[in-house]
A.B. asks: 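I'd like to ask some things about the structure below.
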2 protein chains.
Amino acid sequence: MYSLNNIKQNNCPLKFISNILGKKWVCEIIWEIGNDKKRFGELQRCIEGCSKKMLIQQLEFLIENGIVINDKKELKNNIQSTYYLSECGVSLLPIMETMILWSNKHIKCDC
Amino acid sequence: MYSLNNIKQNNCPLKFISNILGKKWVCEIIWEIGNDKKRFGELQRCIEGCSKKMLIQQLEFLIENGIVINDKKELKNNIQSTYYLSECGVSLLPIMETMILWSNKHIKCDC
DNA sequence: CAGAATCCTATGTGATACTG
DNA sequence: CAGTATCACATAGGATTCTG
């Protein structure tokens with residue numbers, strides 16, 4: 001249901017990437033599997049506050065966009081589903097690093 | 001109504017900035033006034049498809065976040081309201097440039 | 001364990017009309 | 001011209017339950 005096509009029709013490159021990185025949980029997901037592949041359950045535990053439904057939804061979105069890759073293995077009586085970044089996904093990491101640097105400079109800590 | 005506070009409470013720097021750049025029209029707005037200040041009407045004409053309501057809403061959001069600055073002058077019988085980037089806003093431009101570069105590499109042109 | 005399917009609500013967003 | 005207000009609808013997103 002996620003409108004990958006809509007996104008691709010955005011010929012504006014700014015819209016294209018901000019529609020990806022701006023989606024809820026997407027940055028967190030990319031960041032979490034940036035270092036090492038993770039299983040679905042692990043991710044769920046890492047990313048606090050993200051419902052299972054949203055996690056699945058956004059992972060699918062990232063897979064459709066070629067940013068995340070999913071491997072499934074059938075074990076005895078359950079499934080092991082792991083997620084990791086594609087080359088394309090990995091190339092987002094340096095951008096996200098500069099984003100983090102910017103935030104840390106400009107976040108006003110009111111806590 | 002816009003939850004600036006919610007955003008500030010996001011102690012996660014990735015959430016912080018992606019909540020800004022991911023908002024609809026925000027990237028376009030920042031980009032459009034990146035080079036030179038623009039009046040409200042100019043902006044409206046630049047950013048196709050953005051309703052007046054949304055434009056105002058997102059501009060206010062950016063002002064609250066210290067990214068955009070607004071100057072108002074009273075002319076004879078109307079108001080001249082111009083918008084431009086704060087220093088903080090300007091510091092977003094290089095990040096957005098790398099975002100554009102990434103997009104141009106990875107956008108799959110289906111048109 | 002990983003995922004699918006429903007239901008339900010809050011929020012986002014467009015269209016339109018109004019104001020100084 | 002710049003901004004406000006209101007309605008009406010679409011989408012996002014949480015909670016919960018079900019399946020192999």
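Numbers restart at 1 for each chain; the letters A, B, ... are given by sequence-line order, proteins then strands.
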A.B. asks: Classify the nucleic acid contact of B:Glu74 as base, sugar-phosphate or nothing, counting any heavy atom under 4.0 Å across all strands shown.
C.D. replies: nothing
A.B. asks: Please report, rounded to the nearest Å, how far the P atom of C:dA2 is from the CZ atom of A:Phe40.
C.D. replies: 7 Å
A.B. asks: What's A:Lys52 touching, base or sugar-phosphate or nothing? Going by heavy atoms closer than 4.0 Å.
C.D. replies: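 Base, at least one base heavy atom under 4.0 Å.
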A.B. asks: Would you indicate, yes or no, if D:dG3 has its OP1 or OP2 atom less than 4.0 angstrom from a side-chain nitrogen or oxygen of B:Ser81?
C.D. replies: yes
A.B. asks: Using the closest heavy atom to pick a nucleotide of DNA chain C for each, name whichever of A:Lys53 or A:Lys72 lands nearer the 5' end.
C.D. replies: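 Its nucleotide being nearer the 5' end, the pick is A:Lys72.
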A.B. asks: To the nearest Å, how far apart are A:Leu59 CG and C:dA2 P?
C.D. replies: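 Between P of C:dA2 and CG of A:Leu59: 11 Å.
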A.B. asks: Using a cut-off of less than 4.0 Å, is there contact between a side-chain N or O of A:Lys23 and OP1 or OP2 of D:dA12?
C.D. replies: no
A.B. asks: How many Å lie between CG on B:Leu75 and C1' on D:dC1, as a whole number?
C.D. replies: 9 Å
A.B. asks: Please round to the nearest 0.5 Å and tell me the distance separating atom CZ of A:Arg39 and atom CZ of A:Arg45.
C.D. replies: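 So the CZ of A:Arg39 and the CZ of A:Arg45 are separated by 8.5 Å.
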A.B. asks: Once you apply a heavy-atom cut-off of 4.0 Å, does B:Ile56 come out as touching a base, just sugar-phosphate, or nothing?
C.D. replies: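 Base contact.
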A.B. asks: Measure CG/A:Leu43 against P/C:dA2 and give the value in whole Å, please.
C.D. replies: 10 Å
A.B. asks: Just how far, in rounded Å, is C1' of D:dA12 from CD of A:Glu60?
C.D. replies: 16 Å
A.B. asks: Can you tell me if B:Ser86 uses its side chain to pair, donor with acceptor, with the backbone of B:Ile67 under 3.5 Å?
C.D. replies: yes
A.B. asks: Across the strands shown, which category fits A:Glu42 at heavy-atom distances under 4.0 angstrom: base, sugar-phosphate, nothing?
C.D. replies: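 A:Glu42: no heavy atom of the nucleic acid under 4.0 Å.
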A.B. asks: Report yes if a side-chain nitrogen or oxygen of A:Arg39 is closer than 4.0 Å to either non-bridging phosphate oxygen (OP1 or OP2) of C:dA2; otherwise report no.
C.D. replies: yes
A.B. asks: In terms of the nearest nucleotide of DNA chain D, which residue is placed more toward the 5' end: B:Gly41 or A:Gly49?
C.D. replies: B:Gly41
A.B. asks: Could you pick out which residue, B:Cys50 or A:Asn70, lies toward the 5' side of DNA chain C when each is mapped onto its nearest nucleotide?
C.D. replies: A:Asn70
A.B. asks: Would you kindly give the CD-to-C1' distance between B:Gln44 and D:dG3, to the nearest whole Å?
C.D. replies: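 It works out to 11 Å between those atoms.
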A.B. asks: Under the 3.5 angstrom rule, does the side chain of A:Asp71 hit a backbone N or O of A:Tyr83 as a donor-acceptor pair?
C.D. replies: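 It does not hold such a pair.
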A.B. asks: What is the distance, rounded to the nearest whole Å, between atom CD of A:Gln57 and atom C1' of D:dT11?
C.D. replies: 10 Å
A.B. asks: Ignoring hydrogens and geometry, is there a side-chain-to-backbone donor-acceptor pair from B:Glu28 to A:Lys15 under 3.5 Å?
C.D. replies: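 No, because the side chain of B:Glu28 does not come within donor-acceptor range (under 3.5 Å) of the backbone of A:Lys15.
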A.B. asks: Just by distance, do the side chain of B:Ser81 and the backbone of B:Phe40 share a donor-acceptor pair under 3.5 Å?
C.D. replies: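 Here the side-chain-to-backbone pair does not exist.
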A.B. asks: Using whole Å, what does the distance between atom C1' of nucleotide C:dT13 and atom CD of B:Glu48 come to?
C.D. replies: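 The answer, rounded to whole Å, is 18 Å.
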